[in-house]
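What follows is a set of notes on a single structure, which appears directly below.
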Amino acid sequence: MSGPFVPGERNVLGGPLEQCGTDPVTGFYRDGWCCTGPEDIGSHTVCTVVSAEFLALQAGLGNDLTTPRPEFGFPGLVPGDRWCVVAVRWRQAYEAGVPAGVVLAATNVAALEVVPLEMLVAQAVDVPDDVSGLESPPPPAGSP
């Protein structure tokens with residue numbers, strides 16, 4: 001797939017899906033995108049920026065993301081890597097108080113079948129051009 005977007009794929013903000021990461025190459029299809037399809041039973045749709053705490057929690061849940069698995073083209077992750085995470089696994093981490101950061105523009109709209117948009121927005125590490133309507137910011141201090 002060429003260009004900055006995948007034709008026809010949408011992100012959780014309603015725009016075209018952007019690439020999640022190529023170092024390491026992520027995605028269920030190992031193409032850098034959080035695309036999904038019938039073969040992707042886990043729904044690898046949340047583009048995250050992983051932390052040491054998130055990786056440790058995943059390992060504790062039986063989802064070892066740090067050990068290289070060359071037979072699957074998986075180098076093992078280190079904190080700061082971008083990775084398309086299974087939506088249910090991301091939500092488990094969120095509910096445990098250890099969510100990974102989320103790149104909203106590269107998170108597939110299919111993630112919303114498992115994770116409410118508000119949870120994803122609360123952990124956003126990218127800043128969309130316009131988040132109006134997604135969440136209400138608190139009023140400025142001292143306002144009436």
Side-chain angles (χ1 to χ4, degrees), residues 1-139 141:
M1 297 182 190
S2 61
F5 306 110
V6 177
E9 293 280 344
R10 309 303 290 175
N11 66 39
V12 294
L13 301 174
L17 185 66
E18 295 184 12
Q19 192 170 57
C20 182
T22 57
D23 186 20
V25 178
T26 189
F28 178 77
Y29 299 106
R30 292 295 189 267
D31 57 6
W33 306 84
C34 293
C35 294
T36 190
E39 311 89 3
D40 181 17
I41 296 167
S43 186
H44 293 74
T45 51
V46 181
C47 181
T48 62
V49 179
V50 300
S51 65
E53 297 81 9
F54 178 83
L55 292 169
L57 176 70
Q58 291 301 308
L61 294 170
N63 186 26
D64 180 2
L65 297 173
T66 59
T67 300
R69 299 290 303 270
E71 66 272 26
F72 299 116
F74 181 67
L77 302 181
V78 297
D81 282 346
R82 285 179 160 210
W83 197 251
C84 296
V85 174
V86 170
V88 168
R89 293 288 192 179
W90 187 89
R91 184 170 179 161
Q92 283 177 313
Y94 179 92
E95 291 174 349
V98 190
V102 176
V103 182
L104 297 171
T107 296
N108 195 303
V109 68
L112 298 178
E113 295 172 16
V114 176
V115 183
L117 181 60
E118 298 76 31
M119 286 183 183
L120 297 169
V121 168
Q123 301 305 315
V125 294
D126 57 340
V127 181
D129 292 337
D130 182 10
V131 294
S132 62
L134 294 179
E135 63 180 343
S136 298

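Here the structure is a predicted model, which means the values were calculated and not measured. Residue indices begin at 1 and follow the sequence shown.
- Contact of the Thr45 side chain with the Val12 side chain is not registered, since no non-hydrogen atoms from C-beta on lie closer than 4.5 Å.
- Distance check, rounded to the nearest 0.5 Å: CG of Leu112 to CE of Met119 gives 11.5 Å.
- Disulfide criterion (SG-SG under 2.5 Å) for Cys34 and Cys84: met.
- Nearest heavy-atom pair across Asp126 and Ala105 is OD2-N, 3.0 Å.
- Between Phe54 and Ala93, the shortest heavy-atom distance links the atoms CE1-CB, 3.5 Å.
- Taken from NE2 in His44 to CD1 in Ile41, the straight-line distance is 10.0 Å, to the nearest 0.5 Å.
- Note: Trp33 CH2 to Thr22 OG1 = 10.0 Å, rounded to the nearest 0.5 Å.
- With a 4.5 Å cut-off on side-chain heavy atoms, Arg10 and Pro16 count as touching.
- Val102 approaches Val46 most closely through the heavy-atom pair CG2-CG1, 4.1 Å.
- Note that CG of Leu117 is 7.0 Å distant from CG of Leu104, once rounded to the nearest 0.5 Å.
- Side-chain contact check for Glu18 and Asn11: no donor-acceptor pair (N or O, by modelled atom type) lies under 3.5 Å.
- Scanning both residues, Trp83 and Val25, for their nearest heavy atoms gives CZ3-O, 3.4 Å.
- Taking both residues in full, the closest heavy atoms of Leu57 and Ala96 are given as CD2-CB, 4.0 Å, listed atom of the first, atom of the second, then distance.
- In plain terms, the two heavy atoms of Arg91 and Val115 that are nearest each other are CB-CG2, 4.0 Å.
- Residue Cys35 holds its SG atom at 10.0 Å from CG of Asp40, rounded to the nearest 0.5 Å.
- Looking only at side-chain heavy atoms (C-beta outward), Arg82 and Thr26 stay at 4.5 Å or farther from each other.
- Counting only heavy atoms from C-beta outward, the side chains of Trp90 and Thr48 approach each other to under 4.5 Å.
- Pro79 places a side-chain heavy atom less than 4.5 Å from the side chain of Leu55.
- Between the CZ atom in Arg89 and the CG atom in Leu65 there is a gap of 8.5 Å [rounded to 0.5 Å].
- Judged by distance alone, the side chain of Asp81 and the main-chain N or O of Val78 form a donor-acceptor pair under 3.5 Å.
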